[in-house]
Structure formats: structure tokens, C-alpha cells
A.B. asks: 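This is the structure, below, for whatever I ask next.
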Protein chains: 2
Amino acid sequence: MMVDDQIVFIVDDDERIREALSNLLASHGMRAVVFGSASHYISAVKPDIPACLILDVELPDINGLDLQRQIAEGDHPPIVFITGHGDIPSSVRAIKHGAVDFLTKPFRDADLIAAIHAAIVQDREKRSERAELGVLRQRYLDLTPREREVLPLVVSGLLNKQAAAKLGISEVMLQIHRRNVMQKMAAASLADLVRIAERLEIPITHSRRAGGSLA
Amino acid sequence: MMVDDQIVFIVDDDERIREALSNLLASHGMRAVVFGSASHYISAVKPDIPACLILDVELPDINGLDLQRQIAEGDHPPIVFITGHGDIPSSVRAIKHGAVDFLTKPFRDADLIAAIHAAIVQDREKRSERAELGVLRQRYLDLTPREREVLPLVVSGLLNKQAAAKLGISEVMLQIHRRNVMQKMAAASLADLVRIAERLEIPITHSRRAGGSLA
DNA sequence: ACGCAATGCATGGATTTCCATAGGTGCGCA
DNA sequence: TGCGCACCTATGGAAATCCATGCATTGCGT
């Protein structure tokens, strides 16, 4: 059976390698899409599902490691490098920058398959994490400017009274903002809101007594 | 000037290498301690300050990579591997397991020095993080069994009333426990306590409406 | 011109939290 | 045996939070 909720991208300039890898993956029930160069990969429209990128280091247009750096900014699938003429500095750099593995040809099929599985598992987790964060960020965008001012004060542990004073508004008004924030952020409790704020990396302004002074 | 609040451990079986590295580090104002084998390094009493371990992969008693795995459990300084006969799989494994760098002889002095600096900076941060966590953990140990039951309920966002019901005690008693927890954990506010609990990885039991349902 | 969203204020009551005081039980250790 | 500690309860008042109702101003887009 062909697993359909995940995919493997293969970027290699050698037609025979592409063919061989395609067959290997197919025999393991995995869907693969091949590209002959980095630019083809970049410009292609890729499905938005858990994936893995098998990347040859030596490509005609862009070096595999450079491609890795280029796509490092945005969201991209974990990379498994393969190479015919690898050197240690390259492998070190690749792994340091997050590559899942760095295999030298010839490699054992089992090693590649294992690396791909690890990569896809990793991508699944990363994507689910991203999705959750995305929801939170979207909710944060729904806040009004004032509410965005209230949030950090509240999660800093200030009393409503103190937070209101900081903003120069009445305590009642702050309570309303606070309540709206809780609702829009879908926080079940203050504790919840604090954890959400943590994930959104909202800075704490000036805790009632700075964050666990550790004294 | 010799920097005295940090140190570099060198483990290499070649006397000349040890000598050369010692001199190199000395010329950069860094204190170094050399060992001729892994077991010597392991059994040595090492100062508890920011450090870096320069580790030869090929050692007479234990393989450098195996040593890395052995000490992976506990706290140990970041490792910079050096080797005369390195291979790619070794380098990949080393970096995957957290090594800062993997240099093949001959390497440029500047590369080693750069790696050492990076390693020590990393160790500094790791140590400071560990120290903070250590303080929190110590405080947690000061809690009584009951207080340790109260903490997760409180940071889950339950009302005192609800938490008290869960424990089958009166609301007043729970308030007292809660208060003691706040004091012992040195939390300035509930928000603070939530963040502290996060760092201690205290599980949330059953939020008033499960943790940001993300619906 | 009108509606709507955002911001603001006030009052009042129900609920919850915070804190202090007073007291009781059981357990371990000097 | 006596002391301390953890644990439990009850009462009562002060402070803070939660919530609803009612209303005013500003600014933006239709």
C-alpha cells in the first residue's frame, strides 16, 4: 500500500539515481517526486504535507548545502543529504544546520530508509507544533491594540488595579479588556493565558516582583 | 593575560599534540589541562567552571565517540573532536550527539580556537540555565507531599474550590497549601508560579477547559 | 449620514481570593 | 515525654475578581 499523507522529494542530477531512489521508495510504499536540479525543486509547487527532502550535495546549479541555507529561513522539510564525493567539513556543516543525515554513496538502502522515516517523523512533529502556534498567532492578531497592551501586563502577574494604573485607565475598563483577551485567545484560565503568552513569546513587563528572583 | 574562569580539557594520546595544543591555547590566554587517555580524563577531578573538551577520536582505551555517549547522561562540557583519520559517519554521529565541531588534522589553529570559543559560550549558557533550574528544583524539594499535590492543580487553572474538592479537603486548607507553595517557590504571582511550573515540567492535570483546545 | 468597532467610564452585586486567628490530630525524633 | 511539623477545620473580614447593565466619544467605511 502507498502511504498517501506524506511525500519524499528527491533532488539529484543523475537520472539513474533518481530512478533507483524512486523505485526503492516505491517498494517501501512511499510516494516520491524527483527533481533534476535545485531550481526545479525551488520553483515547484509542493504539497503541504509531512515530507522529507533527499538532497544530493553536488548539483549543477546550486550546491546542496547552499540550498539548505537558502531554505533555512522558511518552512521546509527535513533534509537527508546524499553525496558521491562528501567531505567531513560539509557533513559537519550540514548536520549543524539541522540535516537529519548525511549519507555517502554507496549507502545501504536501510540507512536511507531509516533516515527518511526519522525525517518524516520529525516533520510531522514540527508541523503540528507550527500549526498550533499558527492558531495562537492568528488569535493574537484578532486582539485590538489596547488588548495587546493589556495582555503582557496581565500575564506578568499584575493586579487589575496595577495594570489599569499603568495604562492610565479605570480598573473596570481593564477588566473588560482582560476578559476580551481571555475569550479571543480561548484561554480557560489565567494559568492558560500565561502558558499561551509564553508560547507567543510575549515579554513580561514588570512582574510584581521580577520573575522568580532566584535569590 | 590568562583567563581564569574557564578551562579547556585536552584528551589525546599523542604527547606532541598535547604539547602543541597546550602552547596554542596558552598563547591565546586560555588555561588547559591535558590527559593521555579517556580513563584519565574520566577519573580526574575537574574544576566546576565553564569548559570545553577537546577530544581525539582515536584513543588507546576508549573511542572518543563512545566516551561522548558515556558522558552524555550527566553534565559535561561541550566537545570539540579532532582526529587524524576521521570518516563522515563518525563526524555525523558526533555532531548529531551535540559535538560543537569535528576537525580533521591538520586543521587551522583559527578553526580550533573558534570552535573552543563557541563551545565555552555554549557551556556558559547551559550552566547558567542549569543553575537556575537547580534552584527551582531545590525549592520544589522543600515542598511537602501535600503541597506537591496542590501545585499542579493550581497551575492548571482550577479555582481553589475545585482544587480543594479534587483533594477532598476544605477550601481554606487548600488556600494555605497554595500560599505555602507560592512562598516556598518564591513566586511573586500566580503567573510566576505557572511559568516556574512550566520550567519544572509539572504536568497540568485537568484545566478548567483543557489547555487551549485550539478549536 | 449611518452603523459599527474600539475605547472609555460608573454602579452594583455575586463570587473568589487573601489573610489572620483559634484550635485539633497524628507522627517522628530528641 | 515533649517539641515540631504536616495536616486538617472553622469563622470572619478585607481585597480583588467576575459580570451585567447603561451610556459617551472617536474614527472608519459604506
Side-chain angles (χ1 to χ4, degrees), chain A residues 137-197 202 204-209 212, chain B residues 137-197 202 204-209 211-213:
Chain A
R137 271 201 263 266
Q138 183 52 55
R139 289 180 185 158
Y140 181 74
L141 291 179
D142 286 342
L143 298 184
T144 67
R146 204 47 154 171
E147 285 161 358
R148 275 197 272 270
E149 290 183 285
V150 169
L151 176 52
L153 298 177
V154 168
V155 300
S156 292
L158 294 182
L159 297 181
N160 288 347
K161 190 192 292 187
Q162 300 171 314
K166 281 227 173 198
L167 296 179
I169 61 177
S170 72
E171 189 179 341
V172 188
M173 202 53 222
L174 186 125
Q175 286 174 12
I176 295 177
H177 288 315
R178 175 189 175 138
R179 192 163 191 290
N180 289 339
V181 170
M182 295 273 291
Q183 259 180 348
K184 290 187 183 175
M185 298 305 291
S189 59
L190 174 60
D192 234 37
L193 190 64
V194 171
R195 278 185 286 265
I196 291 170
I202 288 173
I204 61 175
T205 56
H206 179 57
S207 175
R208 226 186 312 182
R209 221 184 65 217
Chain B
R137 271 201 264 265
Q138 183 52 55
R139 288 180 185 159
Y140 182 73
L141 291 178
D142 287 341
L143 298 183
T144 67
R146 203 47 152 174
E147 286 161 357
R148 275 196 272 268
E149 289 184 286
V150 169
L151 176 52
L153 298 177
V154 168
V155 300
S156 292
L158 294 181
L159 297 181
N160 288 347
K161 190 192 291 189
Q162 299 171 314
K166 281 226 175 201
L167 296 179
I169 61 178
S170 72
E171 190 179 340
V172 188
M173 201 54 222
L174 187 125
Q175 286 175 11
I176 294 177
H177 288 315
R178 175 189 176 138
R179 192 161 191 289
N180 289 338
V181 170
M182 295 272 292
Q183 258 179 348
K184 290 187 182 175
M185 298 305 291
S189 59
L190 174 60
D192 234 37
L193 191 63
V194 170
R195 278 185 286 265
I196 290 170
I202 288 173
I204 61 175
T205 55
H206 178 54
S207 175
R208 228 185 312 181
R209 222 185 66 216
S213 60

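So you know, we letter chains A, B, ... as the sequences are listed, proteins then strands, and number each from 1. Owing to the predicted nature of the structure, the values given are computational and were not obtained by experimental measurement.
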A.B. asks: For a 4.5 angstrom cut-off between non-hydrogen side-chain atoms, does B:His177 reach B:Ile169?
C.D. replies: yes
A.B. asks: Under 4.0 Å from OP1 or OP2 of D:dA16: is there any side-chain N or O of A:Lys161 that close?
C.D. replies: yes
A.B. asks: Are the side chains of B:Leu193 and B:Leu151 in touch, meaning some heavy atoms are under 4.5 Å apart?
C.D. replies: yes
A.B. asks: Within the 4.5 Å heavy-atom criterion, are A:Leu159 and A:Glu171 side-chain neighbours or not?
C.D. replies: no
A.B. asks: Only one of B:Arg139, B:Arg179, B:Arg178, B:Lys184 clears salt bridge (Lys or Arg N to Asp or Glu O under 4.0 Å) with B:Glu147; which?
C.D. replies: B:Lys184
A.B. asks: Using whole Å, what does the distance between atom C1' of nucleotide C:dC18 and atom CE of B:Met182 come to?
C.D. replies: 11 Å
A.B. asks: Determine: side-chain N/O of B:Arg179 to OP1/OP2 of C:dC19, distance under 4.0 Å, yes or no.
C.D. replies: yes
A.B. asks: Can you measure from CE (A:Met173) to CG (A:Asn160) and round to the nearest 0.5 angstrom?
C.D. replies: 12.5 Å
A.B. asks: Does any non-hydrogen side-chain atom of B:Asp192 lie less than 4.5 Å from one of B:Arg195?
C.D. replies: yes
A.B. asks: Below 3.5 Å between N/O atoms, which protein atoms pair up with nucleotides 3-9 of chain D? Just atom names and distances, please.
C.D. replies:
unit_1 : atom_1 : unit_2   : atom_2 : d
D:dC7  : OP1    : B:Arg146 : N      : 3.1
D:dC7  : OP2    : B:Thr144 : OG1    : 2.3
D:dC8  : OP1    : B:Arg146 : NE     : 3.0
D:dC8  : OP1    : B:Arg146 : NH2    : 2.6
D:dC8  : OP2    : B:Arg146 : NE     : 2.8
D:dC8  : OP2    : B:His177 : NE2    : 2.9
D:dT9  : OP2    : B:Ser170 : N      : 2.6
D:dT9  : OP2    : B:Ser170 : OG     : 3.0

A.B. asks: Quickly work out the A:Leu190 CG to C:dC18 C1' distance and round it to whole Å.
C.D. replies: 16 Å
A.B. asks: Take atom CG of B:Leu174 and atom C1' of C:dT16, then tell me their distance rounded to the nearest Å.
C.D. replies: 13 Å
A.B. asks: Measure from CD on A:Gln175 to P on C:dA10 and round the result to the nearest Å.
C.D. replies: 13 Å
A.B. asks: A:Arg178 has an atom CZ; how far is it from atom P of D:dA16, in whole Å?
C.D. replies: 13 Å
A.B. asks: Return the nearest nucleotide to the side chain of B:Leu159; candidates are D:dC19, D:dA16, C:dT16.
C.D. replies: C:dT16
A.B. asks: Is there a side-chain contact between A:Asn160 and the phosphate of D:dT17, meaning an N or O under 4.0 Å from OP1 or OP2?
C.D. replies: yes
